[in-house]
Student: 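Quick one: structure below, then a few questions.
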2 protein chains.
Amino acid sequence: MAKIVSERADLLPAMAEVFREHGFEGASIALISERTGLGKGSLYHFFPGGKEEMAGAVLEEIEAWFTTHIFAPLQWDSDAASAIDRMFRAVVEYFDSGRRVCLVGAFALASSRDRFTKQVRSYFRMWKEALAAALVRMGRDKPVADHLAEEVLAAIQGSLVLARAFDDRAVFARSMTRLRRVIGER
Amino acid sequence: MAKIVSERADLLPAMAEVFREHGFEGASIALISERTGLGKGSLYHFFPGGKEEMAGAVLEEIEAWFTTHIFAPLQWDSDAASAIDRMFRAVVEYFDSGRRVCLVGAFALASSRDRFTKQVRSYFRMWKEALAAALVRMGRDKPVADHLAEEVLAAIQGSLVLARAFDDRAVFARSMTRLRRVIGER
DNA sequence: TACACTATGTACCATATGGTACAATCACAA
DNA sequence: TTGTGATTGTACCATATGGTACATAGTGTA
(Lines give C-alpha, C1' and ligand atoms only; values in the text may rest on other atoms or scores of the structure.)
Protein backbone atom coordinates (compact mmCIF):
# COMPACT_ATOMS: atom_id res chain seq x y z
CA MET A 1 0.00 0.00 0.00
CA ALA A 2 2.97 2.24 0.40
CA LYS A 3 3.75 4.79 -2.24
CA ILE A 4 6.80 6.85 -1.47
CA VAL A 5 9.23 6.70 1.36
CA SER A 6 9.12 10.13 2.93
CA GLU A 7 11.27 11.71 5.52
CA ARG A 8 9.98 13.28 8.67
CA ALA A 9 11.66 16.57 7.80
CA ASP A 10 9.89 16.74 4.43
CA LEU A 11 6.53 16.97 6.17
CA LEU A 12 7.38 19.90 8.41
CA PRO A 13 6.87 22.78 5.92
CA ALA A 14 3.37 21.63 4.97
CA MET A 15 2.49 21.01 8.60
CA ALA A 16 3.85 24.41 9.59
CA GLU A 17 1.57 26.05 7.07
CA VAL A 18 -1.46 24.24 8.42
CA PHE A 19 -0.66 25.29 11.99
CA ARG A 20 -0.05 28.86 10.81
CA GLU A 21 -3.39 29.00 9.03
CA HIS A 22 -5.52 27.23 11.62
CA GLY A 23 -3.70 27.40 14.93
CA PHE A 24 -3.05 24.41 17.14
CA GLU A 25 -6.68 23.62 17.97
CA GLY A 26 -7.92 24.29 14.46
CA ALA A 27 -5.34 22.12 12.75
CA SER A 28 -7.07 18.76 12.68
CA ILE A 29 -5.26 15.54 11.90
CA ALA A 30 -7.53 15.11 8.89
CA LEU A 31 -6.42 18.48 7.55
CA ILE A 32 -2.76 17.76 8.22
CA SER A 33 -3.16 14.42 6.48
CA GLU A 34 -4.73 16.11 3.47
CA ARG A 35 -2.10 18.83 3.21
CA THR A 36 0.88 16.54 3.69
CA GLY A 37 -0.60 13.90 1.41
CA LEU A 38 0.04 11.28 4.06
CA GLY A 39 -2.49 9.03 5.76
CA LYS A 40 -2.91 8.86 9.50
CA GLY A 41 -0.82 5.72 9.60
CA SER A 42 2.26 7.47 8.27
CA LEU A 43 1.64 10.56 10.32
CA TYR A 44 1.53 8.62 13.56
CA HIS A 45 4.48 6.56 12.41
CA PHE A 46 6.64 9.67 12.17
CA PHE A 47 5.06 11.45 15.11
CA PRO A 48 3.95 8.87 17.67
CA GLY A 49 3.20 11.70 20.08
CA GLY A 50 0.41 12.93 17.80
CA LYS A 51 -0.47 16.54 17.17
CA GLU A 52 1.55 17.81 20.08
CA GLU A 53 4.71 16.24 18.74
CA MET A 54 3.94 17.55 15.26
CA ALA A 55 3.59 21.12 16.49
CA GLY A 56 6.67 20.69 18.64
CA ALA A 57 8.70 19.53 15.64
CA VAL A 58 7.44 22.45 13.59
CA LEU A 59 8.47 24.92 16.29
CA GLU A 60 11.86 23.23 16.47
CA GLU A 61 12.36 23.56 12.75
CA ILE A 62 11.35 27.21 12.81
CA GLU A 63 13.83 27.96 15.56
CA ALA A 64 16.54 26.11 13.63
CA TRP A 65 15.78 28.10 10.48
CA PHE A 66 15.88 31.41 12.32
CA THR A 67 19.05 30.40 14.14
CA THR A 68 20.86 29.66 10.91
CA HIS A 69 19.59 32.55 8.83
CA ILE A 70 19.06 35.30 11.39
CA PHE A 71 20.18 34.68 14.96
CA ALA A 72 23.68 33.36 14.22
CA PRO A 73 24.65 36.19 11.83
CA LEU A 74 23.30 38.75 14.28
CA GLN A 75 25.26 37.18 17.10
CA TRP A 76 28.56 36.47 15.40
CA ASP A 77 28.95 38.26 12.07
CA SER A 78 31.76 40.80 12.31
CA ASP A 79 29.72 43.19 10.16
CA ALA A 80 26.79 43.80 12.50
CA ALA A 81 25.13 46.40 10.28
CA SER A 82 25.03 44.00 7.37
CA ALA A 83 23.69 41.21 9.59
CA ILE A 84 20.83 43.48 10.67
CA ASP A 85 20.19 44.43 7.07
CA ARG A 86 20.00 40.76 6.14
CA MET A 87 17.70 40.14 9.09
CA PHE A 88 15.19 42.59 7.68
CA ARG A 89 15.42 41.10 4.22
CA ALA A 90 14.94 37.59 5.59
CA VAL A 91 12.01 38.69 7.75
CA VAL A 92 10.23 40.37 4.85
CA GLU A 93 10.68 37.29 2.70
CA TYR A 94 9.83 34.80 5.44
CA PHE A 95 6.63 36.53 6.44
CA ASP A 96 5.79 37.13 2.82
CA SER A 97 5.65 40.91 3.35
CA GLY A 98 3.13 40.47 6.14
CA ARG A 99 0.77 38.07 4.42
CA ARG A 100 2.10 35.20 6.44
CA VAL A 101 1.56 34.99 10.16
CA CYS A 102 4.30 34.30 12.71
CA LEU A 103 3.39 30.88 14.06
CA VAL A 104 5.31 31.44 17.26
CA GLY A 105 3.56 34.75 17.85
CA ALA A 106 0.18 33.19 17.17
CA PHE A 107 1.00 30.37 19.59
CA ALA A 108 2.08 32.93 22.18
CA LEU A 109 -1.34 34.57 22.09
CA ALA A 110 -3.38 31.38 22.06
CA SER A 111 -3.90 28.77 24.75
CA SER A 112 -1.27 26.72 22.94
CA ARG A 113 1.26 28.97 24.64
CA ASP A 114 0.82 26.88 27.76
CA ARG A 115 1.75 23.70 25.92
CA PHE A 116 4.77 25.23 24.22
CA THR A 117 5.89 27.83 26.75
CA LYS A 118 9.53 26.88 26.58
CA GLN A 119 9.83 26.86 22.80
CA VAL A 120 7.89 30.09 22.38
CA ARG A 121 9.99 31.85 24.98
CA SER A 122 13.24 30.46 23.63
CA TYR A 123 12.49 31.70 20.10
CA PHE A 124 11.88 35.29 21.19
CA ARG A 125 14.67 35.28 23.76
CA MET A 126 17.22 34.11 21.19
CA TRP A 127 16.06 36.68 18.67
CA LYS A 128 16.14 39.50 21.18
CA GLU A 129 19.57 38.60 22.53
CA ALA A 130 21.09 38.14 19.08
CA LEU A 131 19.73 41.46 17.87
CA ALA A 132 20.90 43.23 21.02
CA ALA A 133 24.35 41.72 20.56
CA ALA A 134 24.52 43.09 17.02
CA LEU A 135 23.42 46.52 18.24
CA VAL A 136 26.13 46.47 20.90
CA ARG A 137 28.70 45.67 18.24
CA MET A 138 27.39 48.70 16.38
CA GLY A 139 28.35 50.81 19.36
CA ARG A 140 25.18 50.98 21.40
CA ASP A 141 25.17 50.64 25.16
CA LYS A 142 23.89 47.29 26.40
CA PRO A 143 20.72 48.64 28.09
CA VAL A 144 19.85 50.73 25.05
CA ALA A 145 20.47 47.77 22.77
CA ASP A 146 18.18 45.58 24.90
CA HIS A 147 15.35 48.05 24.76
CA LEU A 148 15.79 48.64 21.06
CA ALA A 149 15.80 44.92 20.33
CA GLU A 150 12.61 44.51 22.30
CA GLU A 151 11.04 47.40 20.44
CA VAL A 152 11.95 45.91 17.07
CA LEU A 153 10.55 42.47 17.91
CA ALA A 154 7.32 43.97 19.22
CA ALA A 155 6.97 46.13 16.14
CA ILE A 156 7.44 43.13 13.86
CA GLN A 157 4.86 41.06 15.71
CA GLY A 158 2.46 43.94 16.00
CA SER A 159 2.66 44.91 12.37
CA LEU A 160 1.99 41.30 11.42
CA VAL A 161 -1.22 41.52 13.44
CA LEU A 162 -2.21 44.81 11.83
CA ALA A 163 -1.22 43.74 8.33
CA ARG A 164 -3.50 40.76 8.67
CA ALA A 165 -6.30 42.71 10.26
CA PHE A 166 -6.22 45.32 7.50
CA ASP A 167 -5.26 42.74 4.89
CA ASP A 168 -2.69 45.26 3.72
CA ARG A 169 0.97 44.50 3.13
CA ALA A 170 1.82 48.19 3.17
CA VAL A 171 1.41 48.23 6.95
CA PHE A 172 4.21 45.72 7.29
CA ALA A 173 6.41 47.44 4.75
CA ARG A 174 6.06 50.81 6.48
CA SER A 175 6.95 49.25 9.80
CA MET A 176 10.09 47.63 8.40
CA THR A 177 11.21 50.90 6.81
CA ARG A 178 10.72 52.75 10.06
CA LEU A 179 12.61 50.14 12.08
CA ARG A 180 15.60 50.32 9.73
CA ARG A 181 15.66 54.07 10.23
CA VAL A 182 15.33 53.81 14.01
CA ILE A 183 18.21 51.37 14.15
CA GLY A 184 20.32 53.51 11.86
CA GLU A 185 19.87 56.61 14.01
CA ARG A 186 22.08 57.27 16.97
CA MET B 1 -35.89 24.04 36.15
CA ALA B 2 -35.07 27.68 35.67
CA LYS B 3 -33.03 29.43 38.29
CA ILE B 4 -32.37 33.06 37.52
CA VAL B 5 -33.48 35.25 34.69
CA SER B 6 -30.28 36.44 33.05
CA GLU B 7 -29.67 39.02 30.43
CA ARG B 8 -27.76 38.39 27.27
CA ALA B 9 -25.37 41.22 28.06
CA ASP B 10 -24.48 39.72 31.45
CA LEU B 11 -22.99 36.69 29.75
CA LEU B 12 -20.63 38.59 27.46
CA PRO B 13 -17.77 39.28 29.89
CA ALA B 14 -17.46 35.63 30.90
CA MET B 15 -17.74 34.52 27.28
CA ALA B 16 -15.13 37.09 26.24
CA GLU B 17 -12.70 35.68 28.77
CA VAL B 18 -13.20 32.15 27.46
CA PHE B 19 -12.57 33.25 23.87
CA ARG B 20 -9.53 35.22 25.00
CA GLU B 21 -8.07 32.24 26.80
CA HIS B 22 -8.88 29.55 24.27
CA GLY B 23 -9.46 31.23 20.91
CA PHE B 24 -12.51 30.62 18.77
CA GLU B 25 -11.82 26.97 17.97
CA GLY B 26 -10.67 26.15 21.48
CA ALA B 27 -13.67 27.69 23.20
CA SER B 28 -16.08 24.77 23.34
CA ILE B 29 -19.75 25.19 24.14
CA ALA B 30 -19.23 22.97 27.17
CA LEU B 31 -16.54 25.34 28.45
CA ILE B 32 -18.65 28.41 27.76
CA SER B 33 -21.55 26.75 29.54
CA GLU B 34 -19.37 26.01 32.54
CA ARG B 35 -17.88 29.50 32.76
CA THR B 36 -21.16 31.35 32.29
CA GLY B 37 -23.00 28.97 34.59
CA LEU B 38 -25.71 28.49 31.98
CA GLY B 39 -26.77 25.27 30.33
CA LYS B 40 -26.81 24.76 26.61
CA GLY B 41 -30.53 25.45 26.52
CA SER B 42 -30.11 28.98 27.80
CA LEU B 43 -27.02 29.61 25.73
CA TYR B 44 -28.79 28.71 22.50
CA HIS B 45 -31.83 30.62 23.67
CA PHE B 46 -29.81 33.83 23.85
CA PHE B 47 -27.57 33.03 20.89
CA PRO B 48 -29.55 30.98 18.37
CA GLY B 49 -26.66 31.37 15.95
CA GLY B 50 -24.42 29.32 18.22
CA LYS B 51 -20.75 29.93 18.83
CA GLU B 52 -20.38 32.25 15.88
CA GLU B 53 -23.08 34.55 17.21
CA MET B 54 -21.53 34.41 20.66
CA ALA B 55 -18.12 35.46 19.39
CA GLY B 56 -19.74 38.11 17.23
CA ALA B 57 -21.58 39.55 20.22
CA VAL B 58 -18.38 39.56 22.24
CA LEU B 59 -16.54 41.45 19.49
CA GLU B 60 -19.42 43.90 19.30
CA GLU B 61 -19.28 44.53 23.01
CA ILE B 62 -15.53 45.04 22.92
CA GLU B 63 -15.84 47.59 20.13
CA ALA B 64 -18.57 49.37 22.06
CA TRP B 65 -16.42 49.51 25.17
CA PHE B 66 -13.44 50.88 23.29
CA THR B 67 -15.62 53.36 21.46
CA THR B 68 -16.98 54.78 24.70
CA HIS B 69 -13.80 54.78 26.73
CA ILE B 70 -11.10 55.33 24.14
CA PHE B 71 -12.14 56.08 20.56
CA ALA B 72 -14.72 58.79 21.31
CA PRO B 73 -12.48 60.83 23.63
CA LEU B 74 -9.61 60.55 21.15
CA GLN B 75 -11.86 61.69 18.34
CA TRP B 76 -13.78 64.48 20.04
CA ASP B 77 -12.26 65.59 23.32
CA SER B 78 -11.02 69.17 23.02
CA ASP B 79 -7.99 68.25 25.14
CA ALA B 80 -6.32 65.78 22.82
CA ALA B 81 -3.25 65.29 25.01
CA SER B 82 -5.39 64.32 27.95
CA ALA B 83 -7.45 61.94 25.80
CA ILE B 84 -4.26 60.18 24.72
CA ASP B 85 -3.10 60.01 28.30
CA ARG B 86 -6.39 58.44 29.28
CA MET B 87 -6.09 56.02 26.36
CA PHE B 88 -2.82 54.69 27.75
CA ARG B 89 -4.26 54.38 31.25
CA ALA B 90 -7.31 52.55 29.92
CA VAL B 91 -5.18 50.23 27.78
CA VAL B 92 -2.91 49.32 30.67
CA GLU B 93 -5.89 48.56 32.86
CA TYR B 94 -7.88 46.76 30.16
CA PHE B 95 -5.04 44.46 29.16
CA ASP B 96 -4.12 44.00 32.81
CA SER B 97 -0.61 45.34 32.21
CA GLY B 98 -0.04 42.81 29.45
CA ARG B 99 -1.29 39.72 31.24
CA ARG B 100 -4.49 39.78 29.25
CA VAL B 101 -4.52 39.14 25.53
CA CYS B 102 -6.23 41.36 22.97
CA LEU B 103 -9.03 39.16 21.68
CA VAL B 104 -9.31 41.10 18.45
CA GLY B 105 -5.58 40.79 17.83
CA ALA B 106 -5.69 37.07 18.55
CA PHE B 107 -8.62 36.68 16.17
CA ALA B 108 -6.72 38.65 13.54
CA LEU B 109 -3.86 36.14 13.64
CA ALA B 110 -6.00 33.01 13.73
CA SER B 111 -8.21 31.47 11.08
CA SER B 112 -11.12 33.10 12.90
CA ARG B 113 -10.07 36.29 11.15
CA ASP B 114 -11.84 35.02 8.06
CA ARG B 115 -15.12 34.66 9.93
CA PHE B 116 -14.87 38.06 11.60
CA THR B 117 -12.95 40.06 9.03
CA LYS B 118 -15.26 43.06 9.18
CA GLN B 119 -15.35 43.37 12.93
CA VAL B 120 -11.62 42.86 13.32
CA ARG B 121 -10.85 45.45 10.69
CA SER B 122 -13.39 47.92 12.03
CA TYR B 123 -11.91 47.76 15.53
CA PHE B 124 -8.40 48.59 14.39
CA ARG B 125 -9.52 51.12 11.81
CA MET B 126 -11.58 53.04 14.36
CA TRP B 127 -8.74 53.01 16.85
CA LYS B 128 -6.19 54.15 14.30
CA GLU B 129 -8.37 56.95 12.95
CA ALA B 130 -9.36 58.19 16.38
CA LEU B 131 -5.76 58.27 17.56
CA ALA B 132 -4.63 60.01 14.37
CA ALA B 133 -7.35 62.61 14.82
CA ALA B 134 -6.12 63.33 18.34
CA LEU B 135 -2.55 63.65 17.08
CA VAL B 136 -3.68 66.10 14.41
CA ARG B 137 -5.41 68.18 17.06
CA MET B 138 -2.08 68.19 18.89
CA GLY B 139 -0.55 69.87 15.87
CA ARG B 140 0.83 66.99 13.87
CA ASP B 141 0.49 66.79 10.10
CA LYS B 142 -2.10 64.28 8.92
CA PRO B 143 0.37 61.88 7.24
CA VAL B 144 2.66 61.93 10.26
CA ALA B 145 -0.30 61.37 12.56
CA ASP B 146 -1.43 58.39 10.49
CA HIS B 147 1.97 56.74 10.62
CA LEU B 148 2.35 57.43 14.30
CA ALA B 149 -1.07 56.00 15.08
CA GLU B 150 -0.21 52.87 13.15
CA GLU B 151 3.09 52.59 14.99
CA VAL B 152 1.39 52.90 18.35
CA LEU B 153 -1.22 50.23 17.58
CA ALA B 154 1.41 47.84 16.28
CA ALA B 155 3.56 48.41 19.34
CA ILE B 156 0.64 47.71 21.66
CA GLN B 157 -0.27 44.49 19.86
CA GLY B 158 3.34 43.41 19.55
CA SER B 159 4.18 44.03 23.17
CA LEU B 160 1.12 42.01 24.17
CA VAL B 161 2.57 39.12 22.17
CA LEU B 162 6.00 39.52 23.75
CA ALA B 163 4.65 40.07 27.26
CA ARG B 164 2.80 36.79 26.99
CA ALA B 165 5.70 34.95 25.39
CA PHE B 166 8.08 36.10 28.13
CA ASP B 167 5.36 36.01 30.76
CA ASP B 168 6.68 39.39 31.86
CA ARG B 169 4.55 42.46 32.41
CA ALA B 170 7.62 44.69 32.33
CA VAL B 171 7.77 44.27 28.55
CA PHE B 172 4.36 45.83 28.21
CA ALA B 173 5.10 48.58 30.73
CA ARG B 174 8.32 49.55 28.95
CA SER B 175 6.50 49.72 25.64
CA MET B 176 3.79 52.00 27.02
CA THR B 177 6.38 54.32 28.56
CA ARG B 178 8.23 54.54 25.29
CA LEU B 179 5.08 55.23 23.30
CA ARG B 180 4.10 58.08 25.62
CA ARG B 181 7.51 59.60 25.05
CA VAL B 182 7.38 59.15 21.28
CA ILE B 183 3.99 60.83 21.16
CA GLY B 184 5.16 63.64 23.42
CA GLU B 185 8.16 64.42 21.22
CA ARG B 186 7.86 66.67 18.23
C1' DT C 1 -55.95 32.44 39.63
C1' DA C 2 -55.10 31.73 34.85
C1' DC C 3 -52.50 32.63 31.04
C1' DA C 4 -48.80 33.63 27.94
C1' DC C 5 -44.08 34.07 27.38
C1' DT C 6 -39.44 33.79 28.71
C1' DA C 7 -35.73 30.92 30.69
C1' DT C 8 -33.67 26.76 31.79
C1' DG C 9 -31.85 21.86 32.19
C1' DT C 10 -31.54 17.39 30.14
C1' DA C 11 -31.69 13.96 26.85
C1' DC C 12 -30.46 13.26 22.46
C1' DC C 13 -28.28 13.41 17.61
C1' DA C 14 -25.04 13.31 13.74
C1' DT C 15 -20.60 14.23 12.97
C1' DA C 16 -15.69 15.19 13.70
C1' DT C 17 -12.14 14.55 16.67
C1' DG C 18 -7.44 12.41 18.13
C1' DG C 19 -5.67 8.14 18.33
C1' DT C 20 -4.93 2.80 17.67
C1' DA C 21 -4.59 -1.75 15.29
C1' DC C 22 -3.19 -4.09 11.71
C1' DA C 23 -2.55 -5.97 7.40
C1' DA C 24 -0.51 -4.80 3.07
C1' DT C 25 3.34 -2.97 0.63
C1' DC C 26 7.63 -1.10 -0.14
C1' DA C 27 13.11 -0.78 -0.24
C1' DC C 28 16.99 -3.21 0.47
C1' DA C 29 20.42 -6.39 2.01
C1' DA C 30 21.96 -11.23 2.54
C1' DT D 1 14.79 -15.23 -3.50
C1' DT D 2 13.88 -14.59 0.91
C1' DG D 3 13.57 -12.10 4.80
C1' DT D 4 13.52 -7.88 7.63
C1' DG D 5 12.27 -3.58 8.95
C1' DA D 6 10.51 0.76 7.52
C1' DT D 7 6.20 2.88 5.42
C1' DT D 8 1.62 3.24 4.28
C1' DG D 9 -3.69 3.02 3.85
C1' DT D 10 -7.90 1.57 5.97
C1' DA D 11 -10.95 0.15 9.30
C1' DC D 12 -12.02 1.04 13.72
C1' DC D 13 -12.68 3.12 18.57
C1' DA D 14 -14.03 6.08 22.40
C1' DT D 15 -14.91 10.55 23.14
C1' DA D 16 -15.97 15.43 22.39
C1' DT D 17 -18.01 18.41 19.43
C1' DG D 18 -21.81 21.88 17.94
C1' DG D 19 -26.44 21.84 17.76
C1' DT D 20 -31.63 20.44 18.44
C1' DA D 21 -35.97 19.02 20.89
C1' DC D 22 -38.65 19.38 24.45
C1' DA D 23 -40.61 19.20 28.82
C1' DT D 24 -40.33 21.95 32.99
C1' DA D 25 -40.33 25.97 35.71
C1' DG D 26 -40.07 30.56 36.47
C1' DT D 27 -42.00 35.70 35.57
C1' DG D 28 -45.19 39.11 34.89
C1' DT D 29 -49.90 40.49 33.87
C1' DA D 30 -54.87 40.51 33.45
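For clarity, every value in this text was computed on a predicted model and none was experimentally measured.
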Student: Nearest whole angstrom, please: distance from the C1' of dA16(D) to the CD of Glu25(A).
Tutor: 13 Å
Student: Taking the minimum atom-to-atom distance to the side chain of Tyr44(A), which one of dG9(C), dT20(C), dA6(D) wins?
Tutor: dT20(C)
Student: Could you pull out the closest heavy-atom pair between Leu162(A) and Ala154(B), with the gap in Å?
Tutor: CD1-N, 3.7 Å
Student: Which heavy atom in Leu31(A) sits nearest to a heavy atom in Gly26(A), and how many Å separate them?
Tutor: CD2-O, 4.4 Å
Student: Rounding to a whole Å, what distance do you find between His22(A):NE2 and dA16(C):C1'?
Tutor: 15 Å
Student: What integer distance in Å separates Leu43(B):CG from dT6(C):P?
Tutor: 18 Å
Student: Of the options Trp65(B), Phe66(B), Phe71(B), which is the one that meets His69(B) in a ring-ring contact (aromatic ring centres under 6.0 Å, His included)?
Tutor: Trp65(B)
Student: Does a side-chain heavy-atom distance below 4.5 Å link Leu12(A) with Met15(A)?
Tutor: yes
Student: How far apart are the closest heavy atoms of Leu59(A) and Val104(A), and which atoms are they?
Tutor: CD2-CG2, 4.1 Å
Student: Return the value, rounded to whole Å, for the distance between atom CG of Leu38(A) and atom P of dT7(D).
Tutor: 11 Å
Student: Using a heavy-atom distance cut-off of less than 4.0 Å, which residues of residues 28-37 of chain A contact DNA chain C?
Tutor: Ser28(A), Ile29(A)
Student: Can you confirm if the NZ or CZ of Arg121(B) lies within 45° of the ring axis of Phe166(A) and under 6.0 Å from the centre of its six-membered ring?
Tutor: no
Student: Closest heavy-atom contact between Gln75(A) and Arg137(A)?
Tutor: O-NH1, 3.0 Å
Student: Between atom NZ in Lys51(A) and atom C1' in dT20(C), what is the gap in whole Å?
Tutor: 17 Å
Student: With distance as the sole criterion, do the side chain of Lys40(A) and the base of dG19(C) form a donor-acceptor contact below 3.5 Å?
Tutor: yes
Student: May I have the distance from Asp10(B) (atom CG) to dA7(C) (atom C1'), rounded to whole angstrom?
Tutor: 13 Å
Student: Taking any heavy-atom pair under 4.0 Å as a contact, classify Gly41(B): base, sugar-phosphate, or nothing.
Tutor: base
Student: Among dT6(C), dT7(D), dG19(D), find the nucleotide with the atom closest to the side chain of His45(B).
Tutor: dT6(C)
Student: Arg8(A) CZ to dT7(D) P: how many Å, rounded?
Tutor: 12 Å
